[in-house]
Amino acid sequence: MAKIFQVSARAGMTRVVEPIARALLRAGVTPNAVTVAGTVGVLVGALGFGARGHLVAGALIVTFFALTDLLDGTMARMSGGSTRFGAFLDSSMDRVADSAVFGAVAYWLATQGDHSGVAAALVCLAAGSLVSYVKARAEGLGMTCNVGIAERTERLLIVGVGGILTGLHVKPALEIALWLLAAISIFTVGQRMAHVYRQAQQLQPDGQA
């Protein structure tokens, strides 16, 4: 099944990002520095704005800085490929940023007395972490796991759109976005587990259960 944010869209974004990546590399900025700066930006948007109810500003800031995922990856490729520590740092910072986003959303919804929305945000937080964990664990076991309808970019875009619409007084938009995101995140976990199961069956020696 195709990803929500199509490969063609990603390729288009990469073409926009490449000149910026070259300029930063020429200035001596490292991909790891961009990774950390992007995470700090997401934290500011989520905790400094979103959690306080400034949903439009928070969503725009988070979306802008979340796109540094494309920037640091492009910089790493241009500079000869990602290092092991760079890959580790990028994955770790992604989890920090995602926790801040959904934690901030859950906090704000709780202040509004929206218990259903809080539940949806917590499901999104747990399922999103599981989506990433399943892939990391599969790759750690020597298998691939590049499947799924909703990866990190898609998840942040969905909650971002919901936040912006709610900030523009389309009241149920954020809760709808969160429940939609919860459903497709759980579905993505299932997709990835099924994909890994098929690979494991093929790699399994004959005669073993």
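Side chains are part of it too, since the values below use all heavy atoms of this structure and drop only hydrogens, waters and symmetry mates. Please read all numbers here as calculations on a predicted model, not as lab measurements.
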Please list all pairs meeting salt bridge (charged side-chain N to carboxylate O under 4.0 Å, His left out) that have one or both residues in residues 127-145, counting only residues at least two apart or in different chains. none
Salt bridge (charged side-chain N to carboxylate O under 4.0 Å, His left out): pairs with one or both residues in residues 79-94, sequence neighbours excluded: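 Those involving residues 79-94 are D94-R152.
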Under 4.5 Å between side-chain heavy atoms, counting indirect links through other Ile/Leu/Val/Met/Phe/Trp/Tyr residues: same cluster for V29 and L71 or not? yes
Taking L165 as the starting point, is it possible to reach I184 by hopping between hydrophobic residues whose side chains are less than 4.5 Å apart? no
Apart from [X] itself, which Ile, Leu, Val, Met, Phe, Trp or Tyr residues share its cluster (side-chain heavy atoms under 4.5 Å, direct or through members)?
X    : result
I164 : V56, L60, L168
L130 : V131, Y133, V134, V189, M193
W179 : none

Close side-chain approach of L109 to L178, heavy-atom, < 4.5 Å: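 They are in side-chain contact.
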Quick one, R155 with T188, criterion side-chain contact (heavy atoms from CB on, under 4.5 Å). Give me CA distance, side-chain angles, the key distance, then yes/no. CA-CA 11 Å; R155 298 197 301 273; T188 298; 5.9 Å; no
H195-Q191 side chain donor-acceptor pair, cut-off 3.5 Å: no
What pairs with T35 under side chain to side chain donor-acceptor pair (under 3.5 Å), at least two apart in sequence or on another chain? D72
Calculate, to the nearest 0.5 Å, the distance between atoms [atom1] and [atom2] belonging to [X] and [Y] respectively.
X    : Y    : atom1 : atom2 : value
D69  : T74  : CG    : OG1   : 10.0 Å
R95  : T39  : CZ    : OG1   : 10.0 Å
I176 : K171 : CD1   : NZ    : 13.5 Å

Checking side chain to side chain contact (heavy atoms under 4.5 Å, CB included) between V101 and each of V62, L47, L43, which is the one that passes? V62
